[in-house]
Structure formats: C-alpha cells, structure tokens
Protein chains: 2
Amino acid sequence: MNRGISGANLPALRSHNTALVLGLLRTATVGAGTGISRLELAERTGLTPQAVSKITARLRADGLVDEAGRGAPTGGKPRTLLRLARRARYAAGVHLDRDELTVVLADLAGGVVDARTLPLDLGRPAGEVLEAVAGLVRETVRATPGADGAVLGAGLACPGPLDHAAGVLHRVTGLPGWEGYPLRDALAERLGLPVVLDKDTNAAALAVLPTGEDAAAGAEPGPGAGDSFGYLHLGTGLGAGLVLDGALHRGARTGAGEFGHQAVAPDGPVCACGNRGCLEALCLAAVGRGDTAGAARLLGVGAANLVSLLDIDRVVLGGRTVLADPGLFAREVAAAMDPRTLRAAGRTVPVTVATAGRRVVAEGAALLALAPLFGQTAVGRPPVRVRGRTVTASRGDISG
Amino acid sequence: MNRGISGANLPALRSHNTALVLGLLRTATVGAGTGISRLELAERTGLTPQAVSKITARLRADGLVDEAGRGAPTGGKPRTLLRLARRARYAAGVHLDRDELTVVLADLAGGVVDARTLPLDLGRPAGEVLEAVAGLVRETVRATPGADGAVLGAGLACPGPLDHAAGVLHRVTGLPGWEGYPLRDALAERLGLPVVLDKDTNAAALAVLPTGEDAAAGAEPGPGAGDSFGYLHLGTGLGAGLVLDGALHRGARTGAGEFGHQAVAPDGPVCACGNRGCLEALCLAAVGRGDTAGAARLLGVGAANLVSLLDIDRVVLGGRTVLADPGLFAREVAAAMDPRTLRAAGRTVPVTVATAGRRVVAEGAALLALAPLFGQTAVGRPPVRVRGRTVTASRGDISG
DNA sequence: TGCACTTTGGCAACAGCGTTGCTTAAGTGG
DNA sequence: CCACTTAAGCAACGCTGTTGCCAAAGTGCA
C-alpha cells in the first residue's frame with residue numbers, strides 16, 4: 001500500500017527536465033550522431049526554447065555539454081548543435097559471469113572507451129573474486145587518461161537471482177557460497193564508488209535500448225509510448241530482460257524475466273528447478289543434442305508468449321549459444337513466432353540479435369551506472385478543466 | 001524512438017501534486033475510511049505541510065474535499081481529518097458484454113451509487129447498441145439526485161481486441177460488424193461526455209487495484225514500488241489485466257494481457273485463434289467436459305508463468321466461470337502455482353477472487369473515467385550531486 | 001481553575017522554476 | 001547592399017513549493 005514518496009517540488013522539477021534534456025542529448029551523441037539543436041530539444045521535450053536555453057547553459061557551465069557546429073541552413077540563423085561532452089564523465093561496467101570477468105569503461109554517452117576480459121572462476125572465495133573485479137576496474141580506469149577522478153560509478157551485472165534494490169545475491173545456481181552476499185556494498189567500498197547491482201539479462205536489455213545505434217528495423221513503438229521489447233539470453237541458462245514503455249521492468253524482488261522457467265509442455269522433462277516442462281530444459285536439451293534449429297523454434301514459442309502477454313514491439317536475442325549462429329536463431333525464432341503473433345495479435349514482430357555481441361552485458365552494466373543522469377519519467381500532463389475549474393490531471397492509470 | 005513530450009512546467013507540477021493528494025484522499029475515503037490529516041498527507045507525499053495545506057485549501061474551495069472530524073488525541077491540537085466529497089462528482093462505468101449491458105454510476109471515491117443491467121445482443125447493429133448504452137447511462141444518471149450535471153465522463157469496457165488510444169474496436173470474436181468501429185467517439189458524442197474505451201480485463205484489473213477495500217491478504221508490494229498483480233478472467237474466453245508497479249500495462253497497441261493464447265502444450269488442440277496448445281483452448285475444453293478443477297489447475301500453470309516473467313505480487317481471479325465456484329478456483333489455482341513459484345521464485349503467491357463479483361468490470365470502467373484525477377506518477381527524485389555540482393537525478397532506468 | 005506545554009495549521013515573505021516579451025546575433029536571398 | 005528570416009539570450013514576471021513565524025486548540029499537571 002505504501003506508494004512511496006512522490007511529491008514533487010521545484011528541485012525535482014529541475015532535475016526531471018535536466019535529465020530529459022541529457023537523455024535526448026545522449027541519443028543525439030551516440031554513434032555518428034552530429035548533435036541536436038536547442039530548438040529541437042524544445043520540440044521534443046515540450047519545454048519552451050528559453051527553458052531549454054537555461055538548462056543547456058547550466059549543463060555547459062558544468063562541462064557536460066559542448067557545442068558541435070551548425071545545423072542545416074534554414075533561411076535564417078542556423079541552429080547551433082549541442083552534444084554531450086562524452087569524456088566529461090565515465091562509468092565502469094562489470095560483467096561477472098561464471099567463468100569470466102569483463103570490465104568496460106564507458107563515456108557519458110555510453111560508448112565503450114576500453115574493455116578488458118579475464119578468466120575468473122566464480123566458485124572462488126568472495127574476497128578473491130572481489131579483489132579481481134576491483135583490480136580490473138582500477139586497471140581499466142587508469143588506462144584511460146583523464147578518467148581517474150571522473151568515474152560516476154560502476155554497474156555490476158551477475159547471473160542468477162539477486163536483489164537489485166538491496167544489492168545482494170540470492171543463490172547463484174551451483175555456487176551456494178554466494179547466497180545472501182552483499183556484493184554491491186562490498187564492491188562499492190573497495191572501489192570508493194557507487195555501485196549498482198543487476199541481473200546480466202537486465203543489463204543487456206539496457207544496452208539494447210535504442211540510444212541511437214541499435215533501434216531494430218521496423219520496430220515502431222506505439223504512439224507516445226517508449227520502446228518495449230524483450231531481450232532473450234540463451235547461454236548456460238535462459239533468461240530475459242524486459243523493457244516496457246522504455247523502462248526496465250524488474251519486479252519488486254528483481255524476479256522478472258525468468259523466461260526460461262515458463263511451462264510450455266505439461267509432461268516435459270524435469271528442469272534443474274525441479275518442475276516439469278520448463279522452456280529452459282527443453283531448449284538446452286535441444287542444444288545438447290545438436291538441434292540448434294529446434295532450440296531456436298522453442299525459443300520462438302516462448303517469445304510468442306511474451307508478445308501475447310505484454311504486447312512488446314520487438315524481440316532481441318543474445319547469449320553465447322545464440323552468437324554461435326546468429327542468423328539461424330534470428331530466422332528460426334521469427335519463423336516460430338510469426339504464425340502465433342500473426343493470428344493472435346495480427347502482426348509480425350521483428351527479431352534481431354544484439355549487435356554488441358558478447359560484450360552486451362558489460363556495456364549494459366555501465367549504462368546502469370549512467371542511468372540516474374538520463375531520466376525519462378514524465379511529471380504529468382497539461383491541466384484538465386473540470387466543470388470550469390482547473391483541477392488536475394496526471395498520467396495516472398490511463399495513458400491515452 | 002519518439003519518447004513523446006514529457007517536459008514538466010509549473011502547471012504540470014501542480015497537477016501532479018494535486019493528483020497525488022487526491023489519490024491519497026481517495027484511499028482514505030473508500031469503504032469505512034475516516035479520512036486523512038494534512039500532516040499524514042505531507043508525510044506520504046514528501047511535500048511540506050504548508051504545501052499540502054495550500055493544495056487541500058484549493059480542493060476544498062472547489063468542493064472536492066470536506067473536513068471530516070478530528071483525529072486521535074496526540075497531546076496537542078488534534079489533526080483535522082479530510083476526505084473526498086464523494087458526491088461532488090460522478091463517473092459512469094459501462095460494461096458492454098456479448099449478451100449483457102451493465103452500467104454503474106460511481107462517486108468520486110469509486111463507490112457504486114447505482115447499477116443497472118440489461119440483456120443486450122452485441123450482434124445487433126451499432127446504432128441500436130449505442131442507443132441502448134446511452135439510454136441506460138442517462139437513465140442511471142437521472143436516477144441519482146444531483147448527479148445530472150456532475151458526471152466527469154464514462155468508461156467503456158468491451159471484450160476482444162481494441163485500441164485504447166484510438167478508442168476503436170478491432171475484431172470482436174464472432175462479431176465482424178464491429179471491426180474498426182470508433183466506439184469511443186460515437187458514445188462520447190451521444191452522451192456529450194468524455195469516454196474512455198478499454199478491454200474488460202483491464203477495467204477489472206483497475207477495480208482490483210487496492211483503493212483501500214481490496215488489498216489481498218499477504219500481498220506486500222516491494223519497497224517503494226506500487227502494487228503488481230495479474231487479474232485473470234475466465235468466462236467465454238480467457239484474458240488478463242496486468243497491473244505493474246501500480247499502473248495498468250496495456251502495451252502500445254492495447255494488446256497486453258492475451259493470457260489465454262500462451263502456448264503451454266506443443267501438441268495441444270487447435271484453438272479458435274488457429275494455433276495449437278493455447279491455454280484458453282485447454283482450459284475451456286476442461287470446463288466443457290465438467291473438469292472444473294482441471295481447468296483451475298491449467299489456469300494455475302499459466303499464472304505461474306506470469307509470476308516467473310513479471311514477478312507480480314499476487315493473482316486475482318474473476319469471470320463467470322470462476323464465480324460459479326470461487327473457492328475451488330482459488331484453491332486449485334494456488335495448488336498448481338505453489339510448486340512452480342516456490343522452486344523458481346522461492347515464494348508463495350497469494351491467489352484471491354475479485355470481491356466485486358460480476359460487477360467488477362463495470363466498476364473498473366467507472367474508474368477509467370475517474371483515473372485522470374488520481375495520478376500516481378512521480379516527477380523524480382531528490383537531486384544528485386556529481387563531482388560537487390548538483391546536476392540531476394530522475395527515476396530513469398534504474399529504480400533503486 | 002489556571003497555566004505550561006504540545007501540536008496543528010494558516011499568514012507572509014521568499015527562492016527558484018519555466019514563461020513571456022523583447023532585443024541582438026547570424027545567417028539567406030533578391 | 002539590404003530586407004527578411006530564424007536562433008538564442010536578457011529581463012521582468014507569475015506561480016510553485018519552502019521557510020519563518022504566530023495564532024488556534026487541544027492535553028495534563030499543579
């Protein structure tokens with residue numbers, strides 16, 4: 001029942017609008033982006049040009065935003081383009097997998113500046129693992145001139161159930177030693193930086209959110225809404241990261257996205273979780289007997305369920321098994337989905353493979369640490385007049 | 001890519017906070033609620049007491065809020081309790097089903113003031129159906145003294161695929177005449193009132209959202225987050241309404257909640273949608289052969305999939321078939337879910353049956369029309385300091 | 001009964017947000 | 001070269017929630 005504290009005051013208003021502008025600047029900065037003008041920022045946010053001028057002036061004074069040349073001629077004074085000062089701040093992204101450690105250093109726009117990978121057995125004692133992580137992060141930061149004092153924080157992505165809010169691991173399958181370990185705070189103390197802990201699949205989903213370079217062909221988010229998709233990760237397990245209306249959906253216990261343990265066959269084989277007919281068990285069995293196409297088609301059935309339940313715009317695939325034959329997976333998953341989504345939802349849902357490949361989780365982890373800067377939540381809507389008096393309006397329950 | 005316009009200005013800020021206060025007043029008003037004091041409003045919203053005083057003063061001047069006695073003695077001046085002036089405004093809720101029309105008139109707090117039901121064949125021509133709907137709404141409004149000029153709008157809940165944003169029906173299964181019909185605008189014109197169109201399952205889910213009277217036992221939303229649940233409706237079909245973090249999840253095309261067409265058996269019977277193994281086909285077949293408990297257990301398997309994917313807090317059941325034996329359904333669904341959610345998510349998920357019974361959809365439809373008044377979206381969080389300067393913060397992608 | 005104390009809640013002045021009206025800057029095109 | 005167009009900053013402003021203060025309205029002990 002406790003809805004939390006969500007009253008808004010002027011500093012919150014300012015933060016919200018600043019984050020909104022920064023978010024748009026980021027999408028205009030990533031990849032080969034040339035920047036975005038103040039007026040376009042005003043159009044996209046709904047703020048007045050003057051308000052955008054003030055906000056961008058503050059950001060420029062803080063060194064977070066630079067001018068980047070002129071826009072196309074329009075018959076009058078050309079628009080001045082703005083973009084993020086990419087190297088003004090950095091964030092570290094850590095992918096702590098069962099047998100491997102990957103660390104990336106990302107700039108303000110999320111671009112990877114440096115990346116390092118090390119073999120690492122997650123079964124080793126916690127102190128040892130933490131020292132390896134902290135060491136590789138420090139090494140990566142030191143290798144980039146100017147990054148040393150400018151790292152905003154670190155994102156840490158791990159497999160298995162965990163609690164994002166508390167920063168604590170639950171049970172990493174097969175590795176009982178990590179149960180309940182406060183990984184976030186332990187790393188934060190060693191690094192002297194804020195750390196955000198999340199599931200690997202959630203991190204990967206963040207990396208796939210279109211920050212400019214990666215919007216899937218044909219995927220059109222609905223009117224006024226953010227992007228919605230599922231990132232399906234098939235590696236040593238099968239999980240998903242869900243982005244709904246442009247925001248990661250974790251669930252209250254960081255339990256969302258347990259895609260692999262949906263039941264799709266009443267009398268299927270017994271899964272490692274103890275139940276029958278889990279999609280993960282069927283899928284991995286198919287992979288195990290070399291039937292990659294069969295695994296992909298099973299994945300497609302699960303993906304079709306996801307589309308039916310959540311009305312997402314697109315599906316993105318990743319994980320080692322998928323990356324071993326990306327074309328086949330994209331093709332077979334789509335083939336398995338099409339008849340179901342066409343008949344049930346009347347549309348074809350685009351299926352792609354995450355372009356960042358094996359580094360997608362680490363890149364997403366860095367975005368976890370950058371996320372507080374780039375908000376996207378609305379404060380509300382224009383006031384509504386009720387019986388002649390302006391009373392109120394808000395996004396509330398209804399969205400149209 | 002178009003994130004929509006979400007910049008916030010002072011009127012938006014005011015609307016947001018006013019809606020927040022109204023929402024808390026509503027939860028304190030429904031049922032046997034005695035009201036809520038200004039100071040508690042301040043604590044719950046995070047606003048200062050003075051800000052709450054100003055907001056409630058405006059609402060009292062508008063006639064939307066009344067004083068309602070004193071709070072418990074605390075050793076000083078007792079708090080003055082406030083509550084919604086329930087009869088200050090009304091909203092109509094329309095449940096247009098295949099064979100029946102139900103209209104309720106709800107007061108500001110969502111309480112049902114009057115309700116009427118009529119047999120109505122949805123296969124009749126559109127004009128005839130609309131006239132019946134408008135007629136029953138008018139009749140219901142006229143029957144309540146003081147309601148005539150005070151109706152904020154009408155919510156209209158229908159079965160089958162439709163577009164909430166456009167207010168247009170897609171194809172109502174078996175009734176091709178309604179395909180593409182702009183039902184919302186047609187009714188709005190006849191009534192001279194704003195109309196909101198939504199799926200019956202979404203409306204029912206709104207009615208189940210705890211506005212005070214209906215919080216399921218044992219359901220604890222996660223820290224800082226809103227309630228999350230799935231409302232599963234088993235009647236002539238099988239569908240769901242999803243509430244995630246306190247907000248209805250519709251999807252960009254109002255397609256979310258197609259719970260019945262998830263595949264749970266690779267070689268199952270052919271469903272009406274043309275695919276094999278849909279949960280709806282299996283479930284309805286079980287009902288058809290009198291195996292109600294079997295249908296309930298199948299429902300439980302689907303519900304467990306929902307919990308795995310979305311990490312929801314609870315499951316609520318409704319629909320004619322469920323209401324024919326509520327106890328059995330609650331028991332068997334829970335029994336089928338428990339082994340799956342215990343092993344996969346480590347918890348038991350409460351299962352209840354919607355208390356509003358057959359009227360739940362119409363009640364929820366009325367809430368659709370009231371929703372714009374009672375927002376629950378946050379503007380952001382307190383500012384975050386980055387390298388010594390206050391830059392920004394927002395809810396953004398990460399929620400902890 | 002009276003008085004000290006506690007707590008509520010309004011009044012008034014204020015800081016800071018985006019907005020408005022206007023001016024200046026910097027181009028294009030005849 | 002000049003009229004015109006468009007971009008973007010300056011200054012004044014309205015309105016938001018906030019702060020400091022004070023009156024109102026209780027409780028509880030002497």
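Note that this is a predicted model, so its numbers are computed, not measured.
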J.: Can you check the A/L13 CG to C/dA15 C1' distance for me, whole Å?
T.: 14 Å

J.: How long is the line joining CG of B/L20 and C1' of D/dT16, in whole Å?
T.: 15 Å

J.: If the threshold is 4.0 Å, N to carboxylate O, is there a salt bridge linking B/R253 and A/D313?
T.: yes

J.: Please give, in whole Å, the distance from D/dA7 P to A/I36 CD1?
T.: 14 Å

J.: Can you check the B/L41 CG to D/dG17 P distance for me, whole Å?
T.: 14 Å

J.: Does B/T48 put a side-chain nitrogen or oxygen below 4.0 Å from OP1 or OP2 of D/dG17?
T.: no

J.: Would you say a side-chain N or O of B/N9 is under 4.0 Å from OP1 or OP2 of C/dC17?
T.: no

J.: Pick base, sugar-phosphate or nothing for A/I55, based on heavy-atom distances below 4.0 Å to the nucleic acid.
T.: sugar-phosphate

J.: Excluding sequence neighbours, so at least two apart, what forms salt bridge (charged side-chain N to carboxylate O under 4.0 Å, His left out) with A/D107?
T.: A/R86

J.: Report yes if some heavy atom in the side chain of A/L209 is under 4.5 Å from a heavy atom in the side chain of A/F229; otherwise report no.
T.: yes

J.: Starting at the 5' end of nucleotides 4-10 of chain C, put B wherever the base has a protein heavy atom under 4.0 Å, S where only the sugar-phosphate does, and a dash everywhere else.
T.: --BBBSB

J.: What's the CZ-P distance between A/R58 and C/dG16, to the nearest Å?
T.: 11 Å

J.: State whether the side chain of B/S228 and the backbone N or O of B/D245 hold a donor-acceptor pair below 3.5 Å, judged by distance alone.
T.: yes

J.: Look at A/E67 together with A/R38 and state whether they make a salt bridge at an N to O cut-off of under 4.0 Å.
T.: yes

J.: Measuring to OP1 and OP2 of D/dC15, would you say a side-chain N or O of B/R14 lies under 4.0 angstrom away?
T.: no

J.: Can you list everything that forms a salt bridge (charged side-chain N to carboxylate O under 4.0 Å, His left out) with B/R87? Sequence neighbours excluded, please.
T.: none

J.: So, does B/N17 get its side chain near the phosphate of D/dT16, meaning an N or O under 4.0 Å from OP1 or OP2?
T.: no

